[in-house]
Amino acid sequence: MTDALALTDAGLYCAAGDFYIDPWLPVPRALITHAHGDHAHPENLAYLAAADGASLLRARIGPDATIDTIPYGEVRRLGAVDVSFHPAGHVLGSAQIRIAHKGRVTVVSGDYKLAPDPTCAPFEPVRCDTFLTESTFGLPIYRWDDTATVLKAIVAWWERNRDEKKASVLFAYALGKAQRILAGLVDVASPLPGPVFCHGAVERINAVYREAGIALPATTAVADAPADTRWGEGLIIAPPLAQGSSWMNRFDPCRTAFASGWMTIRGARRRRNLDRGFVLSDHADWAALNRTIEASGAPDVWVTHGYRDELARWLNEHGRTARGIETRYEGETGAATLETSLEAAADPPSNVVAP
């Protein structure tokens with residue numbers, strides 16, 4: 001593939017540094033771009049990650065894992081290569097990994113977005129010779145509205161449901177998306193229209209974000225709410241896997257919605273039997289993918305998960321050498337892997353309290 005990086009059965013491997021990036025099989029040393037389940041797997045012997053993401057990675061893979069961290073921008077020598085981590089703007093602690101070897105630079109993007117997000121460091125363009133990019137939403141139909149516009153629409157939906165005495169259940173990925181929504185709601189609606197409740201999987205990640213210094217509004221775990229809670233006044237944030245479970249019965253009557261880039265396609269909302277879909281993604285849309293690739297300056301582009309062949313073909317037609325490579329990363333659907341590990345279909349009592 002290149003002198004710095006090759007695709008193996010276990011994942012992306014740098015022989016000159018003797019490490020893997022986001023491997024999907026257990027390896028001796030794993031460099032991790034972020035804590036979502038399709039990128040951070042347990043059972044590796046040692047991990048290296050951006051310092052901002054250490055607490056999330058620990059929550060993902062367990063207390064006994066050997067995790068080393070590095071601040072954004074700091075260079076570390078591993079074998080014959082220089083490695084550094086740079087903000088990816090995807091979730092708290094997400095990083096692009098830069099590998100410098102024999103005068104050439106390779107950058108592995110992991111997942112990324114360019115939209116502003118108060119819960120993580122903003123994306124930082126990194127110049128390179130070879131750029132590995134995701135392509136979760138790598139088709140021209142995927143173009144995001146301004147985040148504030150979407151959040152205002154969520155608030156208006158919540159207010160309308162409240163006035164009709166129906167609970168508002170918003171499905172959002174437990175790690176990253178839920179916290180981005182919570183932090184953003186405060187910016188567009190103060191005070192909020194009512195109380196905010198969270199599924200236990202979401203509330204556990206909220207606690208990690210708060211411990212990292214991320215400001216979130218007050219929330220209550222659903223399992224800790226009093227028996228006489230008036231659900232019709234509140235916003236309930238839950239992972240998508242909670243839909244259709246017995247956990248949902250307590251909220252009747254309710255309306256449901258899903259915040260995801262996949263809500264661009266109206267059929268996706270109908271198939272999920274949702275009342276509303278809000279187009280909000282923690283991945284780059286078509287325009288942002290192209291801007292990012294252009295900003296990298298890379299003549300050689302590898303396209304991973306998502307619409308990899310379509311994006312690679314587009315890039316080849318527009319002056320770059322691009323190829324699609326098959327990995328086990330899943331993009332926005334990969335967040336469900338984490339939710340499963342957080343027992344998304346159950347909601348045990350939580351001791352987390354809002355600050």
Side-chain angles (χ1 to χ4, degrees), residues 1-8 10-36 38-112 120-134 208 211-213 292 295-298 300-302 304 327 329:
M1 303 290 274
T2 73
D3 287 342
L5 208 60
L7 183 63
T8 73
L12 297 166
Y13 179 60
C14 176
D18 194 21
F19 60 80
Y20 291 79
I21 296 178
D22 292 352
W24 42 82
L25 295 177
V27 300
R29 177 188 282 174
L31 276 59
I32 302 298
T33 61
H34 66 286
H36 276 147
D38 56 328
H39 290 259
H41 292 268
E43 299 181 359
N44 296 303
L45 293 183
Y47 297 82
L48 179 64
D52 285 16
S55 55
L56 279 180
L57 185 58
R58 180 72 65 188
R60 168 76 186 106
I61 61 178
D64 298 327
T66 301
I67 300 175
D68 192 8
T69 63
I70 182 172
Y72 286 133
E74 181 175 301
V75 177
R76 181 170 300 186
R77 189 75 171 176
L78 296 179
V81 304
D82 290 325
V83 170
S84 54
F85 287 62
H86 303 265
H90 178 54
V91 297
L92 178 64
S94 60
Q96 307 165 80
I97 299 177
R98 181 184 186 272
I99 306 167
H101 179 57
K102 293 183 177 179
R104 294 182 63 81
V105 173
T106 299
V107 171
V108 179
S109 74
D111 293 333
Y112 63 90
C120 63
F123 181 89
E124 175 187 299
V126 181
R127 302 287 291 185
C128 57
D129 301 289
T130 300
F131 185 56
L132 276 72
T133 179
E134 64 140 313
V208 177
E211 289 168 4
T292 301
S296 76
D300 183 32
V301 180
W302 302 1
T304 64
T327 67
Y329 311 134

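With a 6.0 Å radius and a threshold of 12 heavy atoms from other residues, nucleotides or ligands, Glu43 has its CD atom at or below the threshold.
Residues passing the side-chain hydrogen bond (donor to acceptor under 3.5 Å, both in side chains) test with Ser84, sequence neighbours excluded: His86. Applying the side-chain hydrogen bond (donor to acceptor under 3.5 Å, both in side chains) criterion to Thr327, with sequence neighbours excluded, gives no partner residue. With sequence neighbours excluded, the residues satisfying ring-ring contact (aromatic ring centres under 6.0 Å, His included) with Tyr112 are Phe123. Annotation: ring-ring contact (aromatic ring centres under 6.0 Å, His included) contacts of Tyr13 (sequence neighbours excluded): Tyr20. Residues meeting the salt bridge (Lys or Arg N to Asp or Glu O under 4.0 Å) test with Asp18, sequence neighbours left out: none. Among residues two or more places apart in sequence or in another chain, the salt bridge (Lys or Arg N to Asp or Glu O under 4.0 Å) test is passed with Arg104 by none. Applying the side-chain contact (heavy atoms from CB on, under 4.5 Å) test to Leu45 and every residue at least two apart in sequence or in another chain returns Pro28. Glu134 is linked by a side-chain hydrogen bond (donor to acceptor under 3.5 Å, both in side chains) to Thr136, His283, counting only residues two or more places apart in sequence or in another chain. Remark: Phe131 pairs with no residue by the ring-ring contact (aromatic ring centres under 6.0 Å, His included) rule, at least two apart or across chains. A search for side-chain hydrogen bond (donor to acceptor under 3.5 Å, both in side chains) contacts involving Arg76 returns Asp68, not counting sequence neighbours.
Between the side chain of Ser109 and the backbone N or O of Leu132 there is at least one donor-acceptor pair closer than 3.5 Å. Side-chain N or O atoms of Asn44 include one that pairs as donor or acceptor with a backbone N or O of Val27 at under 3.5 Å.
Sequence neighbours left out, the pairs with a member in residues 88-98 that pass side chain to side chain donor-acceptor pair (under 3.5 Å) are His36-His90. Here salt bridge (charged side-chain N to carboxylate O under 4.0 Å, His left out) pairs that include residues 44-53, with residues two or more places apart or in two chains, number zero.
Paired with Leu5 under the rule side-chain contact (heavy atoms from CB on, under 4.5 Å), one option of Ile97, Val108, Val81 passes, and it is Val108.
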Stepwise side chain to side chain contact (heavy atoms under 4.5 Å, CB included) check, Leu12 with Thr304: CA-CA 11 Å; Leu12 297 166; Thr304 64; 5.6 Å; no
Verdict with supporting geometry, Ile32 and Ile61, side chain to side chain contact (heavy atoms under 4.5 Å, CB included): CA-CA 12 Å; Ile32 302 298; Ile61 61 178; over 6 Å; no
